[in-house]
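Numbered from 1 within each chain, the chains take letters A, B, ... in sequence-line order.
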Amino acid sequence: MKSEPDVFGLDDLVNAVNKTTTWEGVRNYEARNFMRDQMKVGDGILFYHSNSKPPHVAGTATVASKSYPDPSQFDPSSDYFDKKATKDAPIWYLVDVKYESTFPEPIVRAILQDDPICGEMMLFKRNRLSITPVTSEEWLAVHQLAGVKPKR
DNA sequence: GCCAACGTTGGC
DNA sequence: GCCAACGTTGGC
């Protein structure tokens, strides 16, 4: 899952109540579908800092809830308000995300891309998607680059 | 700051 | 339903 560190970085997740946040504001159908249909409580998340120099994976988090309607779509004062959405027919979904770990060193994008396994991640194929799936093989390979034993 | 990729909007 | 215009993301 991508986030701009200037807006909400891994450190902000560490400092959040219960080290948990609602991943609100995703307004792309494909990214929504990954949260709504594929994420399960306890799944691992690579926390990626986009728009940073250089972009990198900062650490990990976990999926902390089932998917549910993103409340911001109903809030007229929110930037993420969607007037087409109703409580009966929500459009946008999210999951709660809980902090898990910070890598000893950030894994920068270029290093990931050069790795034979990590270089195949959907991250590199769908540059503008803010959420992309990671295979268990890729998950292990990222942890190997980080020099960290994966928790799952 | 530039620009490629690409999703969305709206006229027809 | 098509497609041009436009806006956004995000790497470089």
Side-chain angles (χ1 to χ4, degrees), chain A residues 1-16 20-39 43-65 67-135 137-148:
Chain A
M1 297 175 96
K2 294 186 194 175
S3 190
E4 300 186 30
D6 290 349
V7 179
F8 190 90
L10 190 56
D11 287 344
D12 295 306
L13 189 57
V14 171
N15 293 323
T20 302
T21 194
T22 55
W23 206 257
E24 67 171 36
V26 170
R27 293 295 180 269
N28 170 284
Y29 288 105
E30 219 172 337
R32 176 205 67 183
N33 292 348
F34 289 137
M35 287 198 286
R36 190 189 59 186
D37 305 334
Q38 291 188 222
M39 289 189 182
D43 282 354
I45 296 164
L46 295 174
F47 200 104
Y48 179 93
H49 283 163
S50 60
N51 263 316
S52 84
K53 291 188 276 191
H56 59 272
V57 177
T60 65
T62 60
V63 175
S65 75
S67 64
Y68 60 94
D70 180 341
S72 67
Q73 71 194 300
F74 308 123
D75 176 4
S77 69
S78 168
D79 285 346
Y80 304 124
F81 179 63
D82 186 336
K83 62 183 191 308
K84 296 198 202 91
T86 64
K87 295 273 168 84
D88 286 339
I91 299 172
W92 306 108
Y93 287 75
L94 52 67
V95 295
D96 293 348
V97 169
K98 182 173 177 131
Y99 174 80
E100 180 173 76
S101 73
T102 302
F103 287 154
E105 299 290 339
I107 312 301
V108 305
R109 179 184 174 90
I111 299 291
L112 278 179
Q113 197 158 18
D114 281 347
D115 182 86
I117 294 169
C118 301
E120 294 301 308
M121 292 194 297
M122 196 189 288
L123 172 69
F124 298 110
K125 294 170 180 153
R126 302 297 309 284
N127 206 30
R128 288 181 48 236
L129 249 196
S130 67
I131 300 177
T132 50
V134 175
T135 67
E137 190 187 23
E138 290 158 358
W139 175 265
L140 291 175
V142 172
H143 281 76
Q144 221 155 43
L145 287 176
V148 170

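Between A:Thr60 atom OG1 and A:Tyr99 atom OH the span is 7.5 Å, to the nearest 0.5 Å. Between the OG atom in A:Ser130 and the CZ atom in A:Phe34 there is a gap of 10.0 Å [rounded to 0.5 Å]. Here the straight-line distance linking atom OG1 of A:Thr132 with atom CD of A:Glu138 works out to 8.5 Å at 0.5 Å rounding.
More than 12 heavy-atom neighbours from other residues, nucleotides or ligands sit within 6.0 angstrom of CD on A:Gln38. More than 12 heavy-atom neighbours from other residues, nucleotides or ligands sit within 6.0 angstrom of CD on A:Gln113.
Within residues 21-32 of chain A, the residues that have a heavy atom under 4.0 Å from DNA chain B are, in order of number, A:Asn28, A:Tyr29.
Electrostatic pairing of A:Arg32 and A:Asp70 does not count as a salt bridge here, judged by no charged N lying under 4.0 Å from a carboxylate O.
Between A:Phe47 and A:His49, the angle of the ring planes goes over 60°, which puts this pair in the perpendicular group of the 30/60° scheme.
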For every nucleotide of nucleotides 5-12 of chain C, 5' to 3': is a protein heavy atom under 4.0 Å from its base (B), only from its sugar-phosphate (S), or from neither (-)? --BBBBSS
